[in-house]
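To start, the structure under review is shown below, and the notes come after it.
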2 protein chains.
Amino acid sequence: MEIQLQIKMNEKLFLRDPEQSELGKKIILHSIQLIHLNGFEAFTFKKLAEAIGTTEAGIYRYFENKHRLLMYITAWYWSWLEYRVAFHTHNIKDPVVKLKMVIKLLATTVEDDSRTSYVDESILHQIIITEGSKAYLTKRVSEDNKDHLFKPYKDLCAVIGNMILECNPQYKYPKSLASTIIEMAHFQNFFMNNLPSLTDFGKNKDEAEIVRFLETLVFSSLHSAH
Amino acid sequence: MEIQLQIKMNEKLFLRDPEQSELGKKIILHSIQLIHLNGFEAFTFKKLAEAIGTTEAGIYRYFENKHRLLMYITAWYWSWLEYRVAFHTHNIKDPVVKLKMVIKLLATTVEDDSRTSYVDESILHQIIITEGSKAYLTKRVSEDNKDHLFKPYKDLCAVIGNMILECNPQYKYPKSLASTIIEMAHFQNFFMNNLPSLTDFGKNKDEAEIVRFLETLVFSSLHSAH
DNA sequence: TTGTAAATGATAGTAACACTATCTTTGCAA
DNA sequence: TTGCAAAGATAGTGTTACTATCATTTACAA
């Protein structure tokens with residue numbers, strides 16, 4: 001049984017849909033690899049074009065600029081994660097169990113999903129950790145937000161926020177707690193690997209510890225009488 | 001009584017110490033303003049030189065490149081904040097009260113400190129929220145870390161981590177909780193103002209609510225039996 | 001089979017950016 | 001007054017971030 005997973009992306013993220021052509025898929029595949037290799041700052045369309053075997057102009061037909069490409073990639077990631085969350089929490093009734101699953105999905109290394117041939121999810125996860133927040137930490141956030149370019153992130157946050165409310169309908173900050181879980185799942189991972197003294201996981205560098213930290217953080221908030 | 005506040009900076013952050021000359025101080029003052037105005041990506045040494053009334057070459061005598069200048073500014077901010085934390089928690093014995101003070105200092109708009117003539121702290125606070133994490137979200141983190149360029153941030157984190165342990169010596173993740181407080185104080189502020197649906201503060205846009213959110217987050221963790 | 005349009009390839013060019021080099025002037029101190 | 005560091009002035013280089021144009025291939029439809 002061969003299933004293809006296709007994610008519908010906001011059309012404002014691209015000039016030409018990269019999923020609709022070989023060149024487009026190559027752009028996604030190689031940009032993820034190159035950003036992972038050199039970091040987003042050193043990543044250029046010229047290098048990307050060389051890696052693919054096309055020219056700069058070819059890339060520009062798909063993406064306005066490299067920041068838009070980053071936004072596309074991050075949006076894709078959050079959409080894919082929301083799908084995974086839906087899949088893995090399906091049929092689970094206990095909201096606590098669901099929330100634990102979400103934390104695990106967020107904070108644990110992912111394996112490449114063979115149903116998406118042109119995206120390597122394990123590398124993607126790595127670059128979202130380091131580069132993901134650069135998608136919105138700009139002067140253009142509000143404009144981009146009006147074009148709904150961050151919708152996948154916000155949707156995921158809303159899903160998690162609702163689970164939090166299921167756990168404790170009285171809890172006052174479901175959305176902020178949700179965005180905290182999302183961001184910290186990534187930042188604690190980055191710190192663990194790069195600035196370990198900002199975490200308590202430096203010795204073992206074990207993602208499972210991040211999961212435990214987030215679980216205590218979340219569930220003591222939700223169970224407390226505040 | 002006129003007191004000057006001087007912060008000793010790591011010498012690897014600059015080529016020539018900006019605090020030791022008029023031009024240097026102008027570079028700091030105007031770079032903060034320009035980054036605040038246009039964002040870090042659009043900020044260039046040429047624009048900075050024009051704003052100051054000098055040339056690009058003049059700036060390059062002080063800072064290797066604009067990323068180093070950002071690192072200098074953020075390091076300065078964290079040092080200043082650590083000083084403020086020390087000042088405002090001095091003579092307070094109750095660690096819970098101390099920790100609440102820290103959260104307030106982190107999450108609340110600061111006023112310009114008149115003892116530092118060449119730094120406008122209220123603008124500085126704003127740019128650290130948006131640009132601060134770009135100082136370390138790079139491929140060079142580990143190298144830069146070896147040169148101790150993030151020491152002020154790590155020191156602050158350690159100070160907060162110790163307060164956390166004072167509150168509850170059994171708590172397992174003092175450093176991760178500390179870095180979570182620091183990052184979330186800023187990110188929730190950014191989200192509140194730019195992507196409000198990621199928070200529960202969108203309506204009032206009131207920093208006091210961020211403080212309350214962080215307090216419940218922190219103290220339910222510290223008081224719980226986990 | 002040919003016609004047509006879309007996608008791609010190939011090449012060129014521009015303005016801005018990120019530097020580096022060099023030479024001159026200024027200020028101030030021994 | 002000489003000497004030296006800081007700053008000013010000017011120029012230049014390679015790269016980046018795009019835009020434009022025209023030729024070639026492909027795909028499918030008449």
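Since the structure is predicted, the reported quantities are computational estimates derived from the model, not experimental observations. Labels below follow one simple rule: chain letters A, B, ... track the order of the sequence lines, proteins then strands, and each chain is numbered from 1.
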Item to complete: Could you tell me whether B:R68 and B:D144 have a side-chain N and a carboxylate O separated by less than 4.0 Å?
Response: yes
Discussion item. From CD1 of A:I59 over to P of D:dC18, roughly how many Å is that when rounded to an integer?
Written reply: 13 Å
Worksheet entry | Phosphate contact (D:dT15 OP1 or OP2) by A:K46 side-chain N/O below 4.0 Å | no
Worksheet item: If you look at every strand shown and take non-hydrogen atoms under 4.0 Å, does A:T55 touch a base, only sugar-phosphate, or nothing?
Response: base
Worksheet item: For B:L15 and D:dA7, what is the distance between atoms CG and C1' respectively, to the nearest whole Å?
Response: 15 Å
Fill in: Whole-Å gap separating P (D:dT15) and CD (A:E50)
11 Å
Worksheet item: Which nucleotide sits closest to the side chain of A:N65: D:dA17, C:dT8, D:dC18?
Response: D:dC18
Worksheet item: Hey, are A:K134 and A:E41 close enough for a salt bridge, meaning a charged N less than 4.0 Å from a carboxylate O?
Response: yes
Fill in: Candidate nucleotides D:dG8, C:dA18, C:dT8, ranked by approach to the side chain of B:L23 - the nearest
D:dG8
Discussion item. Please determine whether a side-chain nitrogen or oxygen atom of A:T54 lies at a distance below 4.0 Å from atom OP1 or OP2 of C:dG9.
Written reply: yes
Worksheet item: Rounding to a whole Å, what distance do you find between A:L69:CG and D:dC18:P?
Response: 12 Å
Practice prompt. May I ask you to say whether A:E143 pairs ionically with A:K146, meaning some side-chain N is under 4.0 Å from a carboxylate O?
Written response: no
Item to complete: Report yes or no: is the cationic atom of A:K66 (NZ for Lys, CZ for Arg) closer than 6.0 Å to the six-membered ring centre of A:F40, at no more than 45° off its axis?
Response: yes
Item to complete: Evaluate the ring planes of B:F190 and A:Y136, with Trp represented by its six-membered ring, and classify them as parallel (under 30°), tilted (30 to 60°) or perpendicular (over 60°).
Response: tilted
Worksheet item: Would you say B:L15 and B:R61 make side-chain contact, with heavy atoms under 4.5 Å?
Response: no
Worksheet item: B:K47 side chain: which of D:dA9, D:dA7, C:dC17 is closest?
Response: C:dC17
Worksheet item: Under 4.0 Å between a side-chain N or O of A:Y62 and OP1 or OP2 of C:dA7?
Response: no
Worksheet entry | B:I52 CD1 to D:dA7 C1', straight-line distance once rounded to whole Å | 12 Å
Discussion item. Reading DNA chain D from 5' onward, which residue's closest nucleotide shows up sooner: B:G24 or A:E64?
Written reply: B:G24
Response to the item:
Taken to the nearest whole Å, CD/A:E41 to C1'/C:dC17 is 15 Å
Worksheet item: Do the side-chain N or O atoms of A:T44 get closer than 4.0 angstrom to the phosphate oxygens (OP1, OP2) of D:dT15?
Response: no
Practice prompt. Whole angstrom is fine here: how far is it from CZ in B:F45 over to C1' in D:dG8?
Written response: 17 Å
Fill in: Value in whole Å for how far the C1' atom of C:dA7 lies from CG of A:D17
14 Å
Worksheet item: If we fit an axis to the first five pairs and another to the last five of the helix from C:dT1-D:dA30 to C:dA30-D:dT1, what angle do they make, to the nearest 10°?
Response: 10°
Discussion item. I'd like to know if the side chain of A:K151 pairs up with that of A:N145 as donor and acceptor (distance under 3.5 Å, no hydrogens or angles considered).
Written reply: no
Worksheet item: Which class fits the ring pair A:H186 and A:Y77: parallel under 30°, tilted 30 to 60°, perpendicular over 60°?
Response: tilted
Worksheet item: Under 4.0 Å between a side-chain N/O of B:R61 and OP1 or OP2 of C:dT20, yes or no?
Response: no
Discussion item. Tell me if the side-chain of A:E56 makes a donor-acceptor pair with the base of D:dC18, cut-off 3.5 Å, by modelled atom types.
Written reply: yes
